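Presented below is the structure to which this report refers.
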Amino acid sequence: MKRVIATGKTVEDAVTSALVRLGVTRSQASVRVIREPVKGLFGLIGGRDAEVEVTVVLPPEEAAKQFLAELLRQMGLDASVKLHPAPSDSGAHFALEVVCAESALPFVIGRHGSTLDALQYLVNVVANRERVQEGYVRFIVDAADYRRRRRQGLCELADRAASRAVRTRRSVSLQSMPAADRKVIHTYLQQRSDVTTTSEGVEPNRKVVIVPVVEHRDRAGER
Amino acid sequence: MKELLEFLAKSLVDHPDSVSVAEEHKGDLTVYRVTVDPADVGKVIGKQGRIAKAIRSVVGAAAHRENRHVVVDIES
């Protein structure tokens with residue numbers, strides 16, 4: 001966050017000089033008066049200038065973008081950040097795309113997207129830190145289209161595992177994965193009537209279990 | 001790495017001037033002690049330690065890049 005401290009004959013003078021130095025308009029800044037001016041004798045002796053602190057208030061999406069770019073830089077990664085509107089079905093407002101060399105992607109994404117999720121969580125916390133009344137602004141952080149590719153991969157995995165469960169008439173448990181990934185699988189397999197899904201185990205080793213729906217012949221006869 | 005932690009902590013707290021990070025090397029392992037204002041501890045740890053977990057994850061990724069192992073402790 002950019003802030004400067006400026007002085008002037010009046011509070012208004014001090015604010016104006018601070019705004020000029022910051023290069024922003026009055027509506028983009030918040031002002032804190034450090035010291036009211038004191039008029040001296042004949043305007044000469046014992047007078048004190050006004051002192052103000054002016055802070056540039058960034059819109060949350062700009063704050064989020066700057067925070068993420070600086071965070072990546074501090075991580076030693078040569079990356080830039082692009083701001084996009086979030087996909088409408090995501091429930092988020094903005095998507096931040098990390099653009100970097102392919103060799104740096106594993107460090108940005110992490111195992112099963114764990115680093116990407118951590119970056120995303122921190123971006124959301126920091127960008128919404130001073131927004132209590134204005135409403136929460138939700139961000140997605142993505143790199144190299146990872147989130148869409150991951151979802152697609154999970155759905156394919158779910159289909160294969162479901163088919164195996166049906167074929168072998170046994171439950172199939174998947175690898176342990178984060179809650180968001182499990183949800184993708186639960187939701188996706190809702191559309192199949194030949195399997196049901198549950199989750200078993202304790203975080204962080206919770207895993208999806210796919211259970212084939214067994215049609216008991218005797219019960220089927222009753223219906 | 002120390003700057004990264006300072007940046008993260010300062011971005012999260014209400015009293016950035018009270019943030020300090022101490023670094024201690026134990027063989028292959030580097031231990032970072034992040035100290036914040038007592039009023040800000042919750043802002044760095046978060047509900048169920050979610051913020052602390054995210055900080056460790058990000059710092060861990062940066063350390064992994066340099067083939068290092070790090071531990072992050074949070075104190076007030």
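Every chain is numbered from 1, with letters handed out A, B, ... down the list of sequences. Quick caveat: nothing in here was measured; it's all calculated off a predicted structure.
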Discussion item. Does anything in residues 26-57 of chain B reach chain A? List residues with heavy atoms under 4.5 Å apart, or say none.
Written reply: B:Arg50, B:Ile51, B:Ala54, B:Ile55, B:Ser57
Practice prompt. Of all the heavy-atom pairs spanning A:Phe107 and B:Ala61, show the shortest one and how long it is.
Written response: O-CB, 3.8 Å
Worksheet entry | CD (B:Glu66) with more than 12 external heavy atoms under 6.0 Å | yes
Worksheet item: Do other residues, nucleotides or ligands put more than 12 heavy atoms under 6.0 Å from B:Glu75 CD?
Response: yes
Worksheet item: Which residue out of A:Glu70, A:Arg73, A:Gln74 racks up the most heavy-atom pairs below 4.5 Å with chain B?
Response: A:Gln74
Discussion item. Has B:Arg65 got a side-chain atom pairing as donor or acceptor with A:Gly76's backbone, closer than 3.5 angstrom?
Written reply: yes
Worksheet entry | Contacting region of B:Leu8 [heavy-atom separation from chain A under 4.5 Å] | side chain
Worksheet, complete the sentence: Output for pair (A:Leu71 CG, B:Ser11 OG), nearest 0.5 Å, gives 8.0 Å
Worksheet, complete the sentence: Heavy atoms of A:Arg129 and B:Val13 approach each other most closely as NH1-O, 2.9 Å
Practice prompt. Return yes when atom NE2 of B:His69 has more than 12 non-hydrogen atoms of other residues, nucleotides or ligands closer than 6.0 Å, and no otherwise.
Written response: no
Discussion item. Heavy-atom cut-off 4.5 Å, strictly under: side chain, backbone, both or neither for A:Gln120 against chain B?
Written reply: neither
Item to complete: Heavy atoms only, distances under 4.5 angstrom: which of A:Leu122, A:Asp117, A:Leu77, A:Thr115 has the most pairs with chain B? Name it, please.
Response: A:Leu122
Worksheet item: Would one find more than 12 heavy atoms of other residues, nucleotides or ligands at under 6.0 Å from atom NE2 of A:His186?
Response: yes
Discussion item. Counting only heavy atoms not in A:Arg138 (residues, nucleotides, ligands), do more than 12 fall under 6.0 Å from its CZ?
Written reply: no
